[in-house]
Amino acid sequence: MPDYVIIGSGIVGLATAYYISEQDKNSSILIVDKADGPGSGDTSKSAAAFRSAFTSKLNIMLSKSSIEFYSYLQNVKNFDLGMKFVGYLFSLDKTGYNNLKKGLEYAEKLNIEFSEIESNFLEENLMIKTHVEDKEESSLINAGDIYKSFLFKNAGIIDPEKIVDYYYYKLKEKNVNFSFGIGIKEFIIEPENPLGIEGEPFVWEETKVKGVRLNDGTIAKSKKKTIAALGAWSNIYLNNIGIDSYSRPKKRQIFSIRADNEELKKILYANNFNKEKSMPFVIIPKGIYIRPNPSENTFWIGLSDEIGRKIEVEDNPLPEENFYVYNILPVLSLYFEQFKEKNPYASWAGHYDISFDGQPVIYEPFESDLIVSAGTSGSGIMKGDSIGRITASLATGKDYAELFNKEEFDVSWLGLEKRIIEKEFLII
C-alpha cells in the first residue's frame, strides 16, 4: 500500500508527486490516470504559454516562481523545455485596459518587466491595424481601436510534452509507480476506526478518504493522503462523495493557421520584439489570442467564450469549425487583414478548470485525508511547479511551501477558510 495515491498525471499531479517525494523522502507514491501515458489530458491540449501578467497578486507569485524554475531547468540544467521568451503583448481597447490596470500595478511592485508599445510601432512591425473604428464591421462586432499596448518580457511559449517528460522521468528515477489506462470509478470512504457493523460508515463516525476503486475493480488505498489532481474532471468524482472542487470545466479550442505566404511570415517572424525573432504571444480585443509556433511555421489561435458555453466536461472534446468562422475570424481579420481568407489546417480542444476567483483551489475538506488541487483556470502549466509545491506541502502536513524563488507561501491562502480572494480578470 503506497503512502500517497495521486489521481491525475497532468502537470499538477506530476509536480505534486515530485515535491512529495522531495519533502517525504522515504514515502511511496502511486499515480493513477485513465490515459495511456502522462500529461495526455488537458495538459497536452494547452496553448502552452507562460506569463507573469495577472491581476491577482497570488497568481503573479505562482507564475513568476514557476517561470524561474523552468528557465533554470533549461538554461542551467540544460533540460530543453522548448522555452522561448517571446513575450506577451496585450493590445487593448479601453475596456481591456481598465481590466489590466490592477495587474500593471502589481507587476510594477513585483519588478515584473513590461513596457508600453506605441501604435505606430505595432503597425509597422506587426502589421496590426490599430485604428479600426472607421470600418463598417467594427460597429457590427462592437470592436474599437487599440487604446494601449503593453509588452511583458517575462513571458512566452513552452513545450508541454517536455515539461511532462521532466517530471515523469524524475519520478521514474525515484521509483514512483504509475497505473495508466484504467480510470477511477469512485473514491473509497471508510471509518477511521471501523466497528464491523453493516452500513458503515455512519455519520457519527470519523471518516476518511482511503483511496480509490478503479474501473477494473482494483482498489488503490493510501496510508497517508489521497490527492485529487483531476483538473476538469474533479467534480465528476468529488461531487459523488459530497466534496466540491469549487471549479467548473469549460471547453476551450485552438485553431492552427499556416504562415504560408509572405504577409503571414512577416507577422510570425517579426524581428523587433525579442531575441527569438518571433512575434510575441498577442492578445487583441474581445480576448482573441495568437500564439506563435515558429518551429512549425504556424499560428495557434484561440478565444475563451463564457456566456453561452456549457459548464461541462467531455472525455473527447472536439473543436467546432463554426466557432472559428463566426466567433474568431470576424474580429481577427479586423485587426489582422492577412488572416481574412485563411482557414485552419488543424484544430483541437481541451478544457479550462475555472475556479470562482480565477486562482487555484488547494485544500483538504473535512480533515478527510483527501487533498483537492483544482481550479487552474487555463494556466496550469505556467503555475504548475508552484501549485505542485503547495499541494505537496499541504499533503505532507506543512503550513508553508517554499517556492523555487525562495518565497514562502502559506498553503491556506489557496484554501477556503483563510483564502486570499482576489478576482482574476486575465483568464485568457
Side-chain angles (χ1 to χ4, degrees), residues 4 6 10-25 43 49-77 79 81 83 85 88 103 106-113 152-156 158 160 163-164 166-167 170-171 174 225 227 229 355 357-364 371-415 418-422 424 426:
Y4 301 91
I6 299 175
I11 185 70
V12 171
L14 293 174
T16 297
Y18 179 77
Y19 291 111
I20 287 176
S21 70
E22 292 286 296
Q23 296 177 27
D24 191 355
K25 292 186 180 296
T43 295
F50 61 89
R51 59 186 162 100
S52 52
F54 287 93
T55 60
S56 152
K57 184 178 179 180
L58 294 188
N59 277 339
I60 291 174
M61 291 176 67
L62 297 175
S63 59
K64 187 170 181 286
S65 180
S66 295
I67 291 168
E68 289 177 13
F69 177 67
Y70 301 149
S71 183
Y72 167 78
L73 291 182
Q74 180 159 294
N75 297 321
V76 178
K77 291 297 185 179
F79 194 98
L81 296 178
M83 190 177 196
F85 283 84
Y88 257 60
Y106 278 141
E108 287 182 322
K109 291 178 182 177
L110 294 172
N111 297 316
I112 295 171
E113 187 178 359
F152 286 78
K153 294 188 176 181
N154 189 38
I158 199 163
I163 300 177
V164 165
Y166 172 78
Y167 290 114
K170 285 293 183 182
L171 291 169
K174 293 172 177 287
K225 301 288 184 182
I227 295 105
S355 71
D357 59 4
Q359 300 179 134
V361 178
I362 305 172
Y363 82 117
E364 180 181 353
I371 306 296
V372 176
S373 189
T376 55
S377 299
S379 51
I381 288 179
M382 68 183 77
K383 296 183 288 194
D385 185 74
S386 296
I387 292 172
R389 292 171 189 259
I390 295 162
T391 307
S393 293
L394 181 59
T396 56
K398 295 179 174 61
D399 293 327
Y400 292 88
E402 183 179 86
L403 304 184
F404 175 73
N405 59 9
K406 304 302 180 183
E407 284 191 285
E408 281 198 337
F409 196 102
D410 188 326
V411 299
S412 70
W413 289 347
L414 292 174
K418 299 179 181 179
R419 185 177 186 85
I420 297 178
I421 296 179
E422 299 177 290
E424 179 57 59
L426 281 179

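By convention here, the first residue in the shown sequence is residue 1.
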Minimum-distance pair of heavy atoms, taken over all atoms of [X] and [Y]:
| X | Y | result |
| --- | --- | --- |
| Pro160 | Ile381 | CB-CD1, 3.5 Å |
| Ser66 | Gly384 | OG-N, 3.9 Å |
| Ile60 | Ser52 | CG1-O, 3.7 Å |
| Ser355 | Ser377 | N-OG, 3.1 Å |
| Ser373 | Thr391 | OG-OG1, 2.9 Å |
| Ala229 | Val12 | CB-CG1, 4.0 Å |

* **Under-4.0 Å salt bridge between Asp357 and Arg419** => yes
* **Carboxylate-amine/guanidinium proximity below 4.0 Å for Glu364 and Lys225** => yes
Does some side-chain heavy atom of [Y] sit less than 4.5 Å from a side-chain heavy atom of [X]?
| X | Y | answer |
| --- | --- | --- |
| Ile390 | Ile387 | no |
| Leu14 | Val164 | yes |
| Gln359 | Leu414 | yes |
| Ile420 | Asp410 | no |
| Asn59 | Ser379 | no |
| Tyr19 | Asp385 | yes |
| Thr43 | Ile163 | no |
| Ser386 | Met61 | no |

* Report yes if the distance between the aromatic ring centroids of Phe404 and Tyr72 is under 6.0 Å, otherwise no. => yes
* **Pair Phe50 and Phe85, ring centroids less than 6.0 Å apart** => yes
To the nearest 0.5 Å, how far apart are [atom1] in [X] and [atom2] in [Y]?
| X | Y | atom1 | atom2 | value |
| --- | --- | --- | --- | --- |
| Arg51 | Phe152 | CZ | CZ | 9.5 Å |
| Glu68 | Leu73 | CD | CG | 12.0 Å |
| Lys25 | Thr396 | NZ | OG1 | 11.5 Å |

* Asked: What residues, two or more places apart in sequence or in another chain, satisfy ring pair (Phe, Tyr, Trp, His ring centres under 6.0 Å) together with Tyr4?
  -> none
* To do: Please work out whether the ring planes of Tyr18 and Tyr166 are parallel, tilted or perpendicular, with thresholds of 30° and 60°.
  => tilted
* side-chain hydrogen bond (donor to acceptor under 3.5 Å, both in side chains) with Glu22: which of Arg389, Lys174, Lys170? -> Lys174
* **Any donor-acceptor pair under 3.5 Å from Asn75 side chain to Ser71 backbone** => yes
* Asked: Is NZ or CZ of Lys383 both nearer than 6.0 Å to the six-membered ring centre of Phe54 and within 45° of the ring axis?
  -> yes
